Asker: 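The structure under discussion is supplied below as structure tokens; questions concerning it will follow.
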Number of protein chains: 2
Amino acid sequence: MPQDERSTGSRLKISSPRPLRGEAHNLATHGHTMYQGRLHGALAHRLGVDILRGTFKSGEILPNEIESSSKLDISRSAYREAIRILAAKGMVESRPKTGTRVTERERWNLLDPEVLGWMFETEPSQDFIKALFELRLITEPAAAELAAIRRTDEQVETMRAALEIMKRDTLQTETGRRADLEFHHALIQATGNEALASLSSSIEAAVSWTTRYKARRNALTRDPVPDHERVFEAIERRDAGGARWCMESLIRMAHEDTQKTFHP
Amino acid sequence: MPQDERSTGSRLKISSPRPLRGEAHNLATHGHTMYQGRLHGALAHRLGVDILRGTFKSGEILPNEIESSSKLDISRSAYREAIRILAAKGMVESRPKTGTRVTERERWNLLDPEVLGWMFETEPSQDFIKALFELRLITEPAAAELAAIRRTDEQVETMRAALEIMKRDTLQTETGRRADLEFHHALIQATGNEALASLSSSIEAAVSWTTRYKARRNALTRDPVPDHERVFEAIERRDAGGARWCMESLIRMAHEDTQKTFHP
DNA sequence: GCTTTTTTTATTGTCCGACTAATGTCCAGG
DNA sequence: CCTGGACATTAGTCGGACAATAAAAAAAGC
């Protein structure tokens, strides 16, 4: 029986003390991660991160709109729009009289690209990273297999070009990472399955954050290009089984590297 | 180059002529599908369906907020909150001066449970159903395999109970369908992978809509209970390979039935 | 004539303050 | 003990104003 949460009074426990709307009109989330854009988006971002991080726990009720918005020094409208965003991602639920409460974690859309992004804002739990790579290990090899079967010549050329760029620049550079994403994007398109594509692109984007982590900590990771090349070649020669196998090994390697980065 | 969409003037092309806010305070979407709840949610629902259905095409720009909201006879705030919901699902994108435009289909969060629900509002394309079942065929057998390895005894009991109910009532009844969902939910939980769980629960929910279709058209479908029982027994005896195989066959059967229902 | 800079302008973004409606709580009455 | 109805609290809706933004148009510079 969830007792009265409001009883703690008017203490808003957002991560940062206040500075939502800074001097220069952009907002800092809690020290080093800035966010620029619309106010509702920024607030949704911040609340989302706070929920994922556990600052607001499941079942907990947020302070009411009036209190929250005035404490944050923003209008009620902007606050409400932020809440709608969170609600659309299944993270909160509002009802008159009761207020807005954080839903159970089960109901969160963890694979929503934005939510995944928030997740990697703060270092995600080892369990979650494991789960994510396990999911990748299920879907991506299957995707590679389908791509090998259904790819068009044009898609092959796109992948080849992206691979070239990756070879030149590395994943240390921004263009290199973009090429990596483009490679995977082309592969996904080649599967001809838009549901799978929607899933994969979310995950890819999230995983690319880990890549950035790795680059920042310049952890000594394996060169990923050879792995990508093997996948590419298998797809080029329409070798479904080979593509599956190579992709599987690529992901295992990536997972290993990621683990070493986070827990050396 | 997307030319001026506004030039068509003030013609709002929502599916229904007007009746967003009906007499009795609940709204009909386009004839037989009612929606009751908050205004912003209802409008998001309606616009979402219209976008998925192609009434609003990708790249198209929605009429501006003032015009839209006044035409729909609702406040700008409610309209904006609806747009925020759609934006959170990647379906629209708003910017000052430009307006709010429908994004490319690639960016839609097709696996968002709500979006999936909207999808099945109108009969979804054969291609999409195929993609969805192909995705299921990739993830669910793997999930069953993991469940067989990691399941707790308690989860087994939950599944057994759900299965009992399914056996008694059928999928023709509401309680039967709920039991079906609960069975799959327990299975998903047993995988111990929350990312996979998030994905599967979205898909399950969507697929359960097809089940309802089938029941409504009382198409002569195979009895699904035996399939479920085989999966259950494999998981109970911790037979990973068996669970995978049985689940695969279950899904193939379900897909076959679904196809027969939609394209007899 | 072409590029760059400034101005205009359409649209979303933000704000405020009031009123409405839903819903949990509490209390009186059966 | 249960039931129904009044009450209080909260999100929901409204409308109208002004600010910020970014695209487009106009002006300036080369």
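Just so it is clear: chains get the letters A, B, ... in the order the sequence lines come, proteins before strands, and each one is counted from 1. Quick caveat: nothing in here was measured; it's all calculated off a predicted structure. Below, all heavy atoms of this structure are taken into account, side chains as well, without hydrogens, waters or symmetry copies.
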Asker: Which heavy atom in A:G90 sits nearest to a heavy atom in A:N109, and how many Å separate them?
Answerer: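 For A:G90 versus A:N109, the nearest heavy atoms are N-OD1, 4.2 Å.
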Asker: Distance check needed: C:dT14 C1' versus A:L43 CG, whole Å only.
Answerer: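 Going from A:L43 (CG) to C:dT14 (C1'), I get 13 Å.
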Asker: Side chain of A:S75: nearest nucleotide among C:dT25, D:dG12, C:dT14?
Answerer: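 Selected nucleotide: C:dT14.
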Asker: Quick one: which of D:dA22, C:dC15, D:dC14 gets closest to the side chain of A:A78?
Answerer: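 Looking only at heavy atoms from C-beta outward on A:A78, the closest nucleotide is C:dC15.
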Asker: When the distance from CD of A:E65 to P of C:dA18 is rounded to whole Å, what number comes out?
Answerer: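 That distance rounds to 17 Å.
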Asker: The side chain of A:I74 lies closest to which of these nucleotides: C:dC15, D:dC14, C:dG13?
Answerer: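 The answer is C:dC15, which lies nearest to the side chain.
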Asker: Closer than 4.0 Å, any side-chain N/O of B:R95 to the OP1 or OP2 of D:dT21?
Answerer: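 No, because none of the side-chain N or O atoms of B:R95 sits under 4.0 Å from OP1 or OP2 of D:dT21.
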Asker: Over how many whole Å does the gap from B:D73 atom CG to D:dT13 atom C1' extend?
Answerer: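 So the two atoms are 12 Å apart, to the nearest Å.
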Asker: Out of D:dT13, C:dT14, D:dA23, which nucleotide sits closest to the side chain of B:K97?
Answerer: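 Closest nucleotide among those given: D:dA23.
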Asker: For A:E154, does the CD atom sit with more than 12 other heavy atoms under 6.0 Å from it, leaving out its own atoms?
Answerer: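 For A:E154, atom CD is not crowded (no more than 12 foreign heavy atoms under 6.0 Å).
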Asker: Just the rounded figure in Å: distance from C1' of C:dT11 to CD of B:E93.
Answerer: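 Computing the B:E93:CD to C:dT11:C1' distance gives 15 Å.
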Asker: Would you find a donor on one side and an acceptor on the other, under 3.5 Å apart, between the side chain of B:R101 and the backbone of B:E60?
Answerer: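 No: the side chain of B:R101 does not pair with the backbone of B:E60.
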Asker: Kindly indicate whether the side chain of B:R76 and the base of C:dG13 share any N or O donor-acceptor pair separated by less than 3.5 Å?
Answerer: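 Indeed, a donor on one side and an acceptor on the other fall under 3.5 Å apart.
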Asker: Please step through side-chain hydrogen bond (donor to acceptor under 3.5 Å, both in side chains) for the pair A:Q155 and A:T152, ending with a clear verdict.
Answerer: CA-CA 5 Å; A:Q155 285 156 344; A:T152 66; 3.2 Å; yes
Asker: Please state whether the phosphate of D:dA20, meaning OP1 or OP2, lies under 4.0 angstrom from any side-chain nitrogen or oxygen of A:R38.
Answerer: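 Answer is no, no contact under 4.0 Å.
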Asker: Given atom CD1 of A:I83 and atom P of D:dT10, what is their separation to the nearest angstrom?
Answerer: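 For the pair A:I83 CD1 and D:dT10 P, the rounded distance is 15 Å.
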Asker: Rounded to whole angstroms, how far apart are CG on B:L39 and P on C:dC19?
Answerer: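 Atom CG in B:L39 sits about 20 Å away from atom P in C:dC19.
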Asker: Would you kindly give the CD1-to-P distance between A:I66 and D:dG12, to the nearest whole Å?
Answerer: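 Whole-Å distance recorded here is 12 Å.
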Asker: Starting at the 5' end of DNA chain D and moving along, which residue's nearest nucleotide shows up first, A:T100 or A:S77?
Answerer: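 Nearest-nucleotide comparison on DNA chain D picks A:T100.
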Asker: Can you identify which nucleotide, out of D:dT13, D:dA11, C:dT12, has its nearest atom closest to the B:P96 side chain?
Answerer: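 The listed nucleotide nearest to B:P96's side chain is C:dT12.
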Asker: For B:R84 and D:dG12, what is the distance between atoms CZ and C1' respectively, to the nearest whole Å?
Answerer: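 About 18 Å, once rounded to whole Å.
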Asker: Do A:H45 and A:E114 get their side chains close enough for a donor-acceptor pair, meaning under 3.5 Å?
Answerer: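 Checked: A:H45/A:E114 side chains show no N/O donor-acceptor pair below 3.5 Å.
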